[in-house]
Amino acid sequence: MAKEYRTIQEVAGPLMMVRGVEGVAYDELGEIELANGERRRCRVLEIDGGNAMVQLFESSTGINVENSKVRFLGRSMELGVSEDMLSRVFDGLGRPIDNGPEILPDERRDVNGLPMNPAARAYPEEFIQTGVSAIDGLNTLVRGQKLPIFSASGLPHAQLAAQIARQAKVVGTEEPFAVVFAAMGITFEESNYFIESFRETGAIDRAVLFMNLANDPAVERIATPRMALTAAEYLAFDKGMHVLVIMTDITNYADALREISAARKEVPGRRGYPGYMYTDLASLYERAGRQKGRNGSITMIPILTMPEDDKTHPIPDLTGYITEGQVILSRDLYRKGLEPPIDVLPSLSRLKDKGIGEGKTRADHANTMNQLFAAYARGKDAKELMVILGEAALTDVDKLYAKFADEFEEKYVNQGYRTDRSIEETLDIGWELLRILPRGELKRIKDEFLDKYYNA
């Protein structure tokens, strides 16, 4: 029986000090019993001798220091895992919120997980088809990769996230595929959008959703991605599934981290975020990957909104160091009405070369990808020149490149959120666009591919 303490010293916002405790560990869960019998959960944030600083998961309203008691449960936060989690919706602490029954777990797991041994990691090299041309064709997602989406306030990252979650698949394999979706600090409206989007397409049958709303406590927001990753690790490494983890919005997670750090009176780092934010984010992102000798894998797409559209802000900055590239949404393209407004030039997938080519996508993929990048970059330069000097200053070839840039945005990038393109369709659209340019300009493509596809 857990020992009870009636030594609550003070309550300050979400924090509470309990004196004279014994054998209590950092991160341990606790339970507060109020005078009226109501129970609230908490966890240990700090131990100083016999004093424990605990953080409440619910409101501290109504806690009477003299009449309330605390008991510590001797374990850290856990999630009960089972295959029955698929097609279910949970809150940020893993409790069902879809009016369905409680999960009967196969086992209970610590949500902090265990770091993957670097020597046991298998190299990511299998193509994942998202059905989005700007990603599949130019910034290819590979199984086991961490590829964040850098968005900004007001941009449609929610629609893109829902589209990828609905459409993603590993091509050419019958192995089971699942999506684990973690939403942190989102509005009720956004939460409803995601749940309905999954339901109407049937994607929810292979998905597990964790929803933490903006009015939920900050400490729950910190637990949400860990809950989701614990479920993902179980499905991937125990049940042999390919799991795609989508986490939105990492900015809300980092803000919750800053809020708790400030409440603990820690010395702030850049922009007030705690100095250990890099380590904390790495402890989430590095749970993705593949393991040698196991079929399953975890591929991760974290989504973050860059405050003030600033790529150098600590959250996108640190995320970029830990992950293998980024997909960047552009406000300019959004104003032009492109759906999705993916800016392919600053976007990057560092593992794309490993997931494309003969036997994975198509032999001409690498060549056409490089040529499309080069032609689009030159086309944008030609359009800028046209604005400054007028159309008369452009050569005939420059005009073709400017036309190419417009067509590329309209046909390749602007596919809408309901279109699911196969990789063959994406590559064929690429060739259709490249035919705008004279064959002599396509210097990055081998003659054998030009012979086969340029005049087709």
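Computed from a predicted structure; not experimentally measured.
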Checklist entry - Going through the distances and angles, do K360 and E126 end up as a salt bridge (charged side-chain N to carboxylate O under 4.0 Å, His left out)? => result CA-CA 7 Å; K360 292 175 181 173; E126 289 170 79; over 6 Å; no
Checklist entry - Looking only at atom types and distance, does a side-chain atom of R331 sit under 3.5 Å from a main-chain N or O of S153, one as donor and one as acceptor? => result yes
Checklist entry - Is D420 paired with K169 through a side-chain N to carboxylate O contact shorter than 4.0 Å? => result yes
Checklist entry - Is the distance between the ring centroids of H365 and F449 under 6.0 Å? => result no
Item to check | Centroid-centroid under 6.0 Å between F198 and F181 rings | outcome: yes
Checklist outcome for this item: Closest heavy-atom pair, I260 versus V219, reported as atoms and distance to 0.1 Å, is CD1-CA, 3.9 Å
Next on the checklist: Under the rule for side-chain hydrogen bond (donor to acceptor under 3.5 Å, both in side chains), what residues qualify as partners of N64, not counting sequence neighbours?
Outcome noted: none
Regarding [X] and [Y], do their side chains bring together a donor and an acceptor under 3.5 Å, going by distance alone?
{"X": "D136", "Y": "Q129", "answer": "no"}
{"X": "T230", "Y": "R109", "answer": "no"}
{"X": "T130", "Y": "Q167", "answer": "no"}
{"X": "Y376", "Y": "E409", "answer": "yes"}
{"X": "Y453", "Y": "D428", "answer": "no"}
{"X": "S133", "Y": "R421", "answer": "yes"}

Checklist entry - Do we get R258 above Y273's six-membered ring, with its NZ or CZ under 6.0 Å from the centre and within 45° of the axis? => result yes
